[in-house]
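Order of the sequence lines sets the chain letters (A, B, ...), proteins ahead of strands, with each chain counted from 1.
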There are 2 protein chains.
Amino acid sequence: MLEHMTSMAGIEQVLREASMRVTQPRVAVLAAVTANPHADTETIISAVHEGHPNVSHQAVYDSLKLFTNLGVIRQIQPQGHIARYESRVGDNHHHVVCRQCGNLEDVDCSVGASPCLHASNDHGFKIDEAEVIYWGLCPECQALDN
Amino acid sequence: MLEHMTSMAGIEQVLREASMRVTQPRVAVLAAVTANPHADTETIISAVHEGHPNVSHQAVYDSLKLFTNLGVIRQIQPQGHIARYESRVGDNHHHVVCRQCGNLEDVDCSVGASPCLHASNDHGFKIDEAEVIYWGLCPECQALDN
DNA sequence: CGCTTATTTTGAATGAGTCAAGATAAGAAA
DNA sequence: TTTCTTATCTTGACTCATTCAAAATAAGCG
């Protein structure tokens, strides 16, 4: 359903519908995010530079923010780590993060399709998303601790 | 049960048991965190300065990190916001954050005492905590949008 | 094809947080 | 109590992901 958003034709459509111009930096950034799940900004910049050496870091930052606002990609930023991005979006999945090495993996929601969206006391907030981060130790770091 | 940790005698005990010295900056920082739930570092520094004008920002940063590691306080850092601290700890509660103004409130767990600790696929991680952040709009910002 | 202006480039700036060296004070021992 | 050791604090410089701003460029409408 949603993968079309990250196909070449799909992204053009998404951008045009939002009255945004379809530029080379933007297309390259989205391709890089799709090809590098959970990559940080520096990794995205490097990936973009492989095909487009002259794209500035600012253009990458701008594009990442734009796509995040449009809901085409998602930003993840666990405590004490820099921002990462993923193009898997709209399926309400979560993440496990290793306390030691920062390694990050996807986790499907354990409670169902739209989990935990009901807080016990929402203080009058209109809640639209429940973000869940599982903290622990990845297999590699568990092995090192022995 | 756990409040004793933040009483004067309690914190001395906690620090001594961890072979840490009981210093004026540390006691002042813990008092400030307890008195200002969800405060950021700058607020903590200001609060500490009211009683101890000469305590350095570095001592505050060090103390906050120490207490966080000891489990006496908890650090919260929603995306795009700076770190905040709270002394309510050990009861596995969560937070609602306003997308617009950053306002933050406590939320008791909706799933029970130890919620969501079972990820559907944990990728072999040894999970010890499920951090949940509910995103939405606080009552004030909802009103402004009308 | 040319024009308008959204995007990009370039380069400097921001700011929460960290590092490091010397000064201070907690608390063990005498 | 006084001395001594060293953990902790003060001071001030520094990091680095991210943002800001002005001038240059290019998307895409007419």
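Taking the side chain as every heavy atom from C-beta outward, B:L66 and B:L15 approach each other to under 4.5 Å. A 4.5 Å side-chain heavy-atom check between A:W135 and B:I127 finds every atom pair outside the cut-off. Side chains of B:V132 and B:V107 form no contact here, defined as non-hydrogen atoms less than 4.5 Å apart. For the pair B:R84 and B:Q75, the minimum side-chain heavy-atom distance is 4.5 Å or more.
Of the two residues contacting DNA chain C, namely B:R16 and A:N54, the nearest-nucleotide position lying further toward the 5' end is that of A:N54. Comparing B:H57 and A:P25 by the nucleotide of DNA chain C that holds the closest heavy atom to each, the one mapping nearer the 5' end is A:P25. Taking the nucleotide of DNA chain D with the nearest heavy atom to each of A:Q75 and B:M20, the more 5' of the two is matched to B:M20.
The only member of A:D106, A:T34, A:L104, A:N36 that meets side-chain contact (heavy atoms from CB on, under 4.5 Å) when paired with A:E86 is A:D106.
B:T23 comes within 4.0 angstrom of the backbone, heavy atoms only, and of no base. A:D40 comes within 4.0 angstrom of no nucleic acid atom, judged by non-hydrogen atoms across all strands.
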Donor-acceptor contacts, no H, no angles, side chain residues 16-33 of chain B, under 3.5 Å, sequence neighbours left out:
from: B:R16; atom 1: NH1; to: B:E12; atom 2: OE1; distance (Å): 2.7
from: B:E17; atom 1: OE2; to: B:Q13; atom 2: NE2; distance (Å): 3.1
from: B:T23; atom 1: OG1; to: B:R26; atom 2: N; distance (Å): 3.3
from: B:R26; atom 1: NH1; to: B:R21; atom 2: O; distance (Å): 2.8

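Interface limits on DNA chain D: the 5'-most and 3'-most nucleotides within less than 4.0 Å of chain B heavy atoms are D:dT6 to D:dG12. Boundaries of the chain A contact region on DNA chain C are C:dT5 to C:dG11, first to last in 5' to 3' order (nucleotide atom under 4.0 Å from a heavy atom).
Between the side chain of B:T68 and the backbone N or O of B:L64 there is at least one donor-acceptor pair closer than 3.5 Å.
Contact record, A:I11 with A:F67: CD1-CE2, 3.6 Å, taken as the closest heavy-atom pair.
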